[in-house]
Structures are given as structure tokens and as C-alpha cells.
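Since the structure comes first, as C-alpha cells, the remarks are kept for the end.
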Amino acid sequence: MSDRLKRLLAHVTIDLGPLRDSRDYRLLMASGVITMFGTFITMVAVPYQMKELTGSYVAVGLVSLAEFVPMVVCGLWGGAIADALDRRKVILLGEVGLMVTSALLMVNAMLPEPQIWVLYVVGALSTGLASLQRPSLEALIPQVVRHEQLGSAAVLASLRWNVGAITAPALGGLLVTTFSVATAYAVDTVSFVLSLLLLWRIRAVPPKEDAAPASLRSLVEGVRYAVSRRDLMGTYLVDIAAMVFAMSTALFPFIVDHYGAPQALGLLYSAGAVGSLVASLTGAWAARVQRQGLGVILAAALWGVAIALAAVIPNIWAIFFCLALAGAADMISGIFRMTMWNQTIPEELRGRLAGIELLSYASGPMLGNARAGLMAQAGGARFSMGAGGLLCVGSVALLAWLLPSFRAYDARTSEHALAEKARRATTPAQA
């Protein structure tokens with residue numbers, strides 16, 4: 001093999017350094033792979049069961065609405081407790097709670113007459129528990145991975161998510177249609193049991209002695225820190241703008257009807273995940289980028305362009321390609337944002353900021369699909385998708401102009417990145 005080809009492969013091959021060097025990171029990744037499969041299976045089973053029980057589009061849609069408020073409240077509070085308590089304990093307790101919710105769904109599904117209210121209540125409870133747990137999971141990564149490997153860890157996390165997003169829903173669909181929704185919930189419950197066995201082996205991560213207790217005051221302190229960092233605000237605002245204006249998955253059923261290709265509906269839903277997976281598999285180069293702020297801007301703009309093109313190209317396979325391109329751009333943006341967060345946020349604030357991050361990337365798609373539906377009601381699905389893509393590009397450009405420190409961010413010169421790098425040099429990650 002020539003030296004030139006070796007260098008090329010080195011730029012696109014995933015760096016497995018975090019997995020090799022950190023035992024706790026290996027345990028986190030293995031746990032995440034297992035629970036992700038179970039979680040995606042339940043994400044298919046709940047709306048399917050609701051449809052079977054009610055036959056109502058509104059009833060199915062209200063499942064997501066019931067989960068929104070717990071996500072917002074618990075996401076913020078989860079960030080506060082991640083900085084105040086042992087993050088390992090928070091993760092373990094959250095995993096136990098999620099296991100119980102899956103078991104409750106399984107028991108309800110096995111009843112002669114499953115109760116509809118259980119799907120709403122347990123769904124909201126499950127989302128709340130996951131939102132309480134997620135900031136601790138995110139905040140633990142910089143403590144178990146070396147500073148210079150955080151970019152590679154972000155790529156590995158994106159790869160894990162995309163493999164699950166592509167394969168697990170298909171498995172969930174097979175389970176609920178071939179066996180039963182109770183079987184799907186049982187698989188999810190078992191996944192949490194296996195995950196707990198792995199997470200139990202992670203070393204304890206006690207908070208600092210001077211850690212702020214979880215309180216409204218500590219939440220406000222986290223928000224103030226985020227607002228004071230315009231480079232961080234850029235990561236939140238650009239992603240929210242991109243999702244609100246260009247997220248259009250709610251329009252896919254109407255798009256396939258327009259082209260007379262209803263059999264392509266599943267293809268459109270999987271397109272973004274396929275593009276994201278390709279970006280993850282070839283994303284080693286992203287871990288070496290130092291100007292992540294500019295990278296987020298360009299990736300978000302490309303996301304908007306790809307969505308706008310999907311609205312005007314009169315071929316279903318070309319639309320699939322555009323949506324895959326959009327998914328790849330969104331994943332690259334996510335890698336850059338995660339790297340910036342983990343490289344620059346002080347450890348004592350990492351949990352609270354992870355809660356804010358959760359709100360930024362979880363609320364955008366929900367609001368975006370609502371926007372897409374309203375605009376489609378006025379001008380049709382293709383108009384909504386195309387106009388949304390253009391609005392995304394315009395809003396990203398405006399934010400790039402309004403936030404020059406975000407646009408100019410460079411990990412080699414950022415005072416926050418250098419300070420964290422120096423601090424971590426004296427307190428290395430766990431082996």
C-alpha cells in the first residue's frame with residue numbers, strides 16, 4: 001500500500017483510541033449500544049400500539065406532546081444534579097427507572113384490555129427519566145476520555161447512534177407485527193438489565209467538594225455561563241434555527257403521495273440516518289478540525305440547501321440522495337458541536353450545560369415539524385420544505401454574522417479550550 005493511500009485512509013478511518021485507552025468509555029459505549037436498540041424498538045412499539053388501540057391520528061400525535069414538558073423540565077434539572085451528585089449513581093438510578101417503565105409497558109400490553117392512559121403517563125415518565133439521566137451521561141465523557149481524543153469520541157458516539165437508528169426501528173417493526181408489542185417491550189426491558197450490568201462496573205465519579213447543590217440558583221448559574229459564552233450560544237442557536245426551519249419529516253407521507261410512490265415512505269425516513277452513518281464512518285477528518293464554529297455554520301447551511309433541493313427535484317431517488325446529504329451534514333454539525341462542548345466547558349458546569357444542550361437539539365425537531373405542517377397547510381408540502389430550507393440558510397448566515405466569536409472559534413487559540421486542556425493535563429481521564 002502506498003504512503004499516499006495510507007495517509008488518505010488515516011483521514012477517513014475512525015479513530016478507536018478512546019475505546020482502546022479508556023475502560024470506562026468502553027463500558028459506556030457497550031451500554032449505549034444495547035439500550036439504544038431497546039429504546040428505538042419501544043419508539044416503534046408505542047405509536048403502533050396507540051394506533052391499534054384507538055385508530056386515531058390525534059391520539060398518536062399526543063404521545064409526543066405528552067413527552068415534551070417532561071423533557072424540558074427534567075433536562076434542565078438533570079443538568080443541575082449531574083454537577084451536584086455522583087454522575088455514575090445518577091446514571092444507574094436512571095437506568096433502573098427506565099427499566100421499570102419498560103416493564104410497566106410490557107405488563108400493560110399483556111392485559112386483556114391494555115389501558116391507553118398508561119401509554120401517555122409511562123411515556124412521559126420515561127422521557128423525564130431519560131432527560132434526567134442524559135446530562136450525567138454527556139458530562140461523564142470528558143472525565144473518562146483524554147482531552148485530545150474528545151473529537152474521536154464524538155465520532156464514535158455518532159456512529160453508535162446511526163447504527164441504532166437504521167437497524168433498531170426495522171427490528172422493532174418486525175417484533176410488533178410478527179410477535180406482539182409486549183414482546184417488543186420485553187426486549188427493551190432486558191436491554192436495560194444488560195446495560196445495568198455494564199454500568200455497574202464504571203468507577204464512581206463523585207462531585208467536587210465545592211460543587212454547587214442542585215437548585216434553581218445553580219440552574220440560573222449554568223444559564224448565565226452559557227449566555228456569557230457567545231461561541232457556545234452559537235452552537236445552540238444555529239442548530240435550533242436549522243431544525244425549526246428545515247426539519248420536514250412530518251411532510252414525508254405527503255411527498256410520496258405527490259410522486260405516487262407510497263412504497264418509498266420508509267426510504268425517505270431512513271435517508272437521513274443513512275447519510276449520518278456514512279458521515280460517521282468517514283468522519284475521522286472531523287475530529288482533526290480545529291475551527292468547529294465555522295464547521296457548524298457550513299454544515300447547517302448545507303443541511304438547509306439539501307432540504308431545499310429535495311423540495312424541487314422531481315425524482316424520488318434524487319430526493320433520497322438530498323435527504324441523505326442533509327443527514328450527513330447534520331451529523332457533521334453534531335460532531336463539531338459535541339467536540340466544542342466537551343473541550344471548553346468546565347467540569348463543574350458540564351452537567352448543567354449538557355441539560356441546555358439536550359433542550360437545544362431535542363426541541364428543534366419537534367418545533368420544526370410543527371412549522372412544516374403549518375406552512376404546508378398554506379402552500380403545500382413542497383413549498384413548506386423548499387421555503388424552510390431557504391429560511392434555514394438565511395437564518396444560519398444571519399447568526400454567523402451576529403456571532404463573530406462563534407464563527408472565528410479555534411480550539412488552538414480559544415481561552416476556554418486552552419484552560420480546559422491545561423486543567424485536564426493535571427487531572428487525566430480514568431484509564
Side-chain angles (χ1 to χ4, degrees), residues 11-16 29 32-33 35-37 39-41 43-44 134 138 141 151-172 235 238-240 242-252 264-287 289 292 295-310 317-342 357-358 360-362 364-366 368-369 385 388-389 392 396:
H11 277 80
V12 298
T13 304
I14 293 176
D15 177 15
L16 300 179
M29 280 291 288
V33 169
T35 55
M36 180 161 291
F37 267 84
T39 299
F40 271 114
I41 288 170
M43 286 175 61
V44 172
R134 185 62 180 266
E138 298 289 345
I141 299 300
S152 298
V155 174
L156 289 169
S158 69
L159 176 62
R160 180 189 68 191
W161 187 89
N162 284 300
V163 170
I166 292 174
T167 58
L171 177 59
T235 65
V238 167
D239 186 52
I240 290 173
M243 293 299 107
V244 168
F245 288 119
M247 175 58 71
S248 303
T249 55
L251 303 177
F252 290 172
L265 180 60
L267 192 69
L268 297 191
Y269 276 114
S270 67
V274 170
S276 296
L277 179 60
V278 172
S280 298
L281 290 172
T282 60
W285 62 271
V289 171
Q292 288 99 352
V296 171
I297 291 168
L298 294 176
L302 179 57
W303 151 269
V305 169
I307 295 297
L309 286 175
W317 284 106
I319 293 174
F320 174 86
F321 174 80
C322 289
L323 294 175
L325 178 61
D330 183 44
M331 182 52 61
I332 293 300
S333 170
I335 290 171
F336 289 150
R337 285 181 281 118
M338 188 182 298
T339 302
M340 282 183 66
W341 296 335
N342 286 338
E357 292 152 18
L358 173 64
S360 74
Y361 60 70
M366 295 180 181
N369 275 319
M385 183 179 283
C392 167
V396 168

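Values below: all heavy atoms of this structure, side chains included; hydrogens, waters and symmetry mates excluded.
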Decide yes or no on side chain to side chain contact (heavy atoms under 4.5 Å, CB included) for I307 and S248, but give the supporting numbers first. CA-CA 8 Å; I307 295 297; S248 303; 4.2 Å; yes
If you apply the rule side chain to side chain contact (heavy atoms under 4.5 Å, CB included), what do you find for L156 with L16, and how did you get there? CA-CA 8 Å; L156 289 169; L16 300 179; 3.9 Å; yes
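Listed here is the closest heavy atom pair of V396 and A301: CG1-N, 4.3 Å. W303 and A242 make their closest contact through NE1-O, 3.0 Å (heavy atoms, listed as atom of the first residue, atom of the second, distance). For F336 against V289, the heavy-atom pair with the smallest separation is CE2-CB, 3.7 Å. Taking every heavy atom of both residues into account, G389 and A246 meet most closely at CA-CB, 4.3 Å. Minimum interatomic distance between A310 and I319 (heavy atoms only, all atoms of both residues): O-CG1, 3.5 Å. The two residues M36 and R160 make their nearest non-hydrogen contact at SD-O, 3.5 Å.
Here W341 contributes atom CH2 and I141 contributes atom CD1; the two are 13.5 Å apart, rounded to the nearest 0.5 Å. Residue E138 holds its CD atom at 7.0 Å from CD of E357, rounded to the nearest 0.5 Å. Annotation: the span from F245 atom CZ to I240 atom CD1 amounts to 11.5 Å, rounded to 0.5 Å.
Applying the side-chain hydrogen bond (donor to acceptor under 3.5 Å, both in side chains) rule to pairs touching residues 325-339 yields D239-R337, S333-R337, sequence neighbours excluded.
When each of P365, S360, C392 is paired with M243, the side-chain contact (heavy atoms from CB on, under 4.5 Å) condition holds for P365 and for no other.
The side-chain contact (heavy atoms from CB on, under 4.5 Å) test applied to A279 returns A328, M331, I332, not counting sequence neighbours.
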